[in-house]
Amino acid sequence: MPELPEVETTRRRLLPHVVGRRIRDVVVRNGALRWPVPRELPRRLRGERVEAIRRRGKYLLFDCAHGHLLVHLGMSGRLTLVAADAPARTHDHVDLRLEGDKVLRLTDPRRFGAMLWLPRPAEGHVLLSGLGLEPLERAFTGSALHKAAKGRRLAVKQFLMDGRVVTGVGNIYASEALFRAGVHPVRGVDRIARASWDRIARAVKETLNHALEEGGTTLRDFASPDGRAGGYQHKRMVYGRDGEACSVCGRRIRCLRQGQRSTFYCPGCQK
DNA sequence: CTTTGCACCTGTTGGC
DNA sequence: TGCCAACAGGTGCAAA
């Protein structure tokens, strides 16, 4: 489910309700996530105050005095703030009971998400240390992409979805950004001109920022912590629109498979 | 080293 | 209507 805009929307909407609060208690109903929720997690978290919530790629980090709570939403995860007496439903796997009568609840039907306790500093953790550029930061440029592509030959769409290169760009926004850049998703990274890398970097930033302004994309079940859906699904140009006419050139949007993922593009606009 | 395909899991959808 | 295959927003890992 969630790519950078959805994770960042989640983070921003949690901030006012969670930062500064203590975690009173932790209830793990089903700890069988991507990695097992550590046995000691409730004991570690109990009594900790959340000092800040940060995002690295698609990971959320809840900074506490003695460590960090790391959360990944996987494919179908979501974090919501619910009332203390809200009954737990089928896929509500973990509750963090907060000071002030709210519960931060992790729901994740497919259980590809993760919840781990990291010693400080979190940056050194193996899951975070190899991550690539943050696409909304200044260092993410055409020349950085050009450099990262040196010696590689894979398709540009798969390159953009490689977290060692750039973090937070998933299947929806990779297709959308390449449409915006006018670059065909199958094009090999060894056959992309320097100027096109600049357009790709700019397109990724613009696409993600646009989606952020809309509060992310809700295709099936994304919702931010207050239960609100995103709005970017109404703005997308190609993702999930195969067969429809391109709103720029009128040609039919097409769909193909790259590495077991669907890719959407416009054969008229993308070369 | 890079690239590819599988694996994890549940729910929904579309074709027959 | 029922059944079953294919697919869904991610990503670490083994194999090629």
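Values reported hereafter were calculated over all heavy atoms of this structure, with side chains retained and with hydrogens, waters and symmetry mates removed. Residue numbering restarts at 1 for every chain, and letters A, B, ... go by the order of the sequence lines. Values in this document were obtained by computation on a predicted structure and should not be read as measured data.
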Is it the case that the ring center of A/Trp197 lies less than 6.0 angstrom away from the ring center of A/Phe159? yes
Would you please confirm or rule out a distance under 4.0 Å between OP1 or OP2 of C/dA8 and any side-chain N or O of A/Arg257? yes
Assess the pair A/His68 and A/Phe62: is the distance between their ring centroids shorter than 6.0 Å? no
A/Arg152 side chain near B/dT3 phosphate (N/O to OP1/OP2, under 4.0 Å): yes
Between P of C/dG10 and CZ of A/Arg56, the distance in whole Å: 17 Å
Strictly distance-based, threshold 3.5 Å: is any side-chain N or O of A/Arg55 a donor or acceptor partner for the main-chain N or O of A/Gly57? yes
Can you see if the side chain of A/Arg164 gets near the phosphate of C/dG12 - specifically, an N or O under 4.0 Å from OP1 or OP2? yes
Can you measure A/Asp108 atom CG to C/dA8 atom P for me and round it to whole angstrom units? 18 Å
Donor-acceptor pair under 3.5 Å: do we get one between A/Arg110's side chain and the base of B/dC9? yes
Closest listed nucleotide, where the reference is the side chain of A/Arg111 and the choices are C/dG12, B/dC9, B/dC6: B/dC9
Is the distance between the ring centroids of A/Tyr173 and A/Tyr232 less than 6.0 Å? yes
Atom-pair distance (CG on A/Leu131; P on C/dT11), nearest Å: 9 Å
Nearest of B/dC9, C/dT11, B/dG5 to any side-chain atom of A/Phe112? B/dC9
Has A/Arg11 got a side-chain atom pairing as donor or acceptor with A/Ile53's backbone, closer than 3.5 angstrom? yes
Closest-nucleotide 5' rank along DNA chain B - winner of A/Gln260 and A/Val189: A/Val189
OP1, OP2 of C/dG10 versus side-chain N and O of A/Arg261: anything below 4.0 Å? yes
With a 4.0 Å cut-off on heavy atoms, is A/Leu219 in touch with a base, just the backbone sugar-phosphate, or nothing at all? base
Whom does B/dT2 pair with, Watson-Crick or G-U wobble, provided both distances fall under 3.5 Å? C/dA16
Measure the distance from CG on A/Leu73 to C1' on B/dC9 and round it to the nearest whole Å. 16 Å
Heavy-atom distance under 4.5 Å between the side chains of A/Asp25 and A/Pro42, does that happen here? no
By nearest-heavy-atom nucleotide on DNA chain C, the more 5' of A/Phe222 and A/Leu127 is A/Phe222
Quantified in whole Å, what is the P atom distance between nucleotide B/dC9 and nucleotide C/dC3? 24 Å
Classify the nucleic acid contact of A/Tyr232 as base, sugar-phosphate or nothing, counting any heavy atom under 4.0 Å across all strands shown. nothing
Please report the distance, rounded to the nearest Å, between CD in A/Glu3 and P in C/dG10. 5 Å
Give a yes/no on whether any side-chain N or O of A/Ser262 is located under 4.0 angstrom from OP1 or OP2 of C/dA8. yes
Interatomic distance where CD belongs to A/Gln158 and P belongs to B/dT3 [whole Å]: 9 Å
Rounded to whole Å, the CG-P distance (A/Asp162 to B/dG5) equals 16 Å
Using whole Å, what does the distance between atom P of nucleotide B/dT12 and atom CG of A/Asp221 come to? 9 Å
Residue mapping more 5' on DNA chain B - nearest nucleotide basis, A/Gly259 or A/Lys150: A/Lys150
Among C/dA8, B/dC6, C/dG10, which nucleotide has an atom closest to any side-chain atom of A/His72? C/dG10
Can you find a side chain N or O atom of A/His91 that sits less than 4.0 Å from OP1 or OP2 on B/dC9? no
